[in-house]
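Remarks on the structure that follows.
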Amino acid sequence: MRFRIAICLIALGLSIWSAAPARAAEEKVLNVYNWSDYIAPDTLQKFTAETGIKVNYDVYDSNEVLAAKLQAGDSGYDVVFPSASPFLAQQVKAGLYREIDRSQIPNWSGLDPAVLKILAVADPSNAHAVPYMISATGIGFNIDKVKALLPPGTKLDSWSLLFDPAILAKLKGCGVTFLDTPTEVFPAALAYLGKDPTSQSLDDLAAAAAVASKARPYLKYIHSSKYINDLANGDICLAHGFVGDLVQARNRAKEAGKDVHIGIIIPREGAVLGIDSMAIPIDAPHPNNALKFINFIIRPEIVSAITNTVGYANAVIPARALVKPDILTDPVIYPPEAVRAKEFLVPPASPQYERARTRAWIKVKTGL
Ligand code: SPD
């Protein structure tokens, strides 16, 4: 019997030993699942040229879509980009990510400790996620159209632009849009109402849903990425959006030489703070390539080129010297302390609250 156990242990030892070279010889492929409009045009080519690793690259535009893929399991992805809270927090708790082997991420030393500290709220000890891009959620608008439609002197600095039915009635004809997620719309509605935007009380949820439902008839659509081009082309005039995406809309309008001028605000009542991170799914087929990719992305030259393209701030301190001065000084991309102080993370919620929030959102969307 003892002999048999010994044989088994030797066999186990051999199989572990023989698994090591197999891991080292991981096939030269990496499957990445990122947000749309969230990388520089040459980032992937540069990575492949340097490492020989071919990247299969898919995109999504909502945390809910990523969450559904991860929960189903066997996504086939090696690197994904969840937002810090509530999504990353819930997914870390559910054991959906591998621990990051920091010995493989020498560029970790450049990461801003202040950002890591905030991210640690979702990912204790920063064990599973590496910060990618940071932004607030705000409002983008067509300056000329909105000013022409609203009474002179209307202040363009508040969530009332998105939720006040009197304002929406005036803007309806030129196109107003919401992001397609309750984790952005309801906190913004609570901020508009002067309530705690991180509240998880069911009464506050009902109040937020009522505000959003009242706005619904004035909306052109609810979508989380289409607004970039539509705002740039003048097809809509006011969009609830991720600030970097609104910056891209502003840039696209300028580049197209159209007579469209986009204003962007982080509303004075406060706004959702988004810290998107890179994480490796627990069942990733190419975890070693994923580590190489993550380390590559946070290299100052690479991450600054991404920031310069997509209009989102990054968390790499030595990259700041390489970010274009007009981006570094843009108060919606790198907001001043007074604005940042009002930004907040959406906290993870109980399953019961999440179900109520999803039900409330479906009601808002369908108008039922
Ligand atoms: N096109 C890039 C979109 C990035 C969205 N980040 C989500 C932040 C959640 N608050």
Side-chain angles (χ1 to χ4, degrees), residues 33-41 57-69 80-83 87 133 135-146 149 159 161-163 167-168 171-189 212-213 215-267 271-272 274 276 306 309-312 332-333 358 361-367:
Y33 196 35
N34 192 2
W35 293 83
S36 49
D37 303 292
Y38 219 23
I39 199 152
Y57 191 77
D58 292 340
V59 297
Y60 55 92
D61 69 2
S62 92
N63 273 301
E64 286 83 353
V65 170
L66 170 62
K69 286 231 166 150
V80 297
F81 293 69
S83 304
F87 296 92
M133 295 281 145
S135 75
T137 307
I139 299 173
F141 56 96
N142 183 313
I143 298 173
D144 304 317
K145 285 192 184 172
V146 166
L149 290 167
W159 287 116
L161 290 170
L162 203 64
F163 295 116
I167 291 184
L168 288 171
L171 299 181
K172 183 179 181 191
C174 67
V176 178
T177 67
F178 270 12
L179 284 168
D180 186 4
T181 168
T183 58
E184 295 288 349
V185 173
F186 291 160
S213 289
R216 178 69 185 99
Y218 301 103
L219 301 182
K220 184 159 179 178
Y221 58 75
I222 297 179
H223 196 277
S224 294
S225 53
K226 193 168 138 49
Y227 62 91
I228 306 179
N229 276 337
D230 286 351
L231 202 54
N233 292 332
D235 294 337
I236 57 172
C237 67
L238 191 114
H240 179 210
F242 305 120
V243 161
D245 287 0
L246 298 170
V247 168
Q248 290 178 50
R250 191 175 67 190
N251 293 343
R252 286 181 204 178
K254 262 190 220 150
E255 281 154 19
K258 299 205 175 193
D259 203 18
V260 173
H261 306 103
I262 309 292
I264 302 170
I265 60 158
I266 299 174
V272 172
D276 294 336
I306 300 174
T309 302
V310 301
Y312 284 85
V332 294
I333 305 177
T358 305
W361 182 237
I362 292 169
K363 272 191 172 177
V364 170
K365 281 179 70 171
T366 57

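Below, each value reflects all heavy atoms present in this structure, side chains not excepted, and no hydrogens, waters or symmetry copies. Note that this is a predicted model, so its numbers are computed, not measured.
Aromatic pair Phe163/Phe178: centroids less than 6.0 angstrom apart. Residues Tyr60 and Tyr33 place their aromatic rings such that the two centres sit under 6.0 Å apart. Ring centers of Tyr38 and Phe81: at least 6.0 Å apart, outside the cut-off.
Using a 4.5 Å heavy-atom threshold, the side chains of Leu161 and Leu238 count as touching.
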Tyr221/Asp230 under side chain to side chain donor-acceptor pair (under 3.5 Å): CA gap, chis, key distance, verdict: CA-CA 11 Å; Tyr221 58 75; Asp230 286 351; 2.6 Å; yes
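Counting only distance, with no hydrogens or angles, the side chain of Gln248 and the backbone of Val310 share a donor-acceptor pair below 3.5 Å. Looking only at distances, a side-chain donor or acceptor of Tyr312 sits under 3.5 Å from a matching main-chain atom of Asp245.
Using a cut-off of 4.0 Å between Lys/Arg side-chain N and Asp/Glu carboxylate O, Arg252 and Asp37 are scored as salt-bridged.
Interatomic distance, CG of Leu168 versus CG of Leu162, reported as 6.5 Å (0.5 Å rounding). Met133 CE to Asp276 CG: the interatomic distance, rounded to the nearest 0.5 Å, is 9.5 Å.
When only modelled atom types and interatomic distance are considered, Ser224 and Asp61 share no side-chain donor-acceptor pair under 3.5 Å. Counting only N and O atoms by type, the side chains of His261 and Asn142 include no donor and acceptor under 3.5 Å apart.
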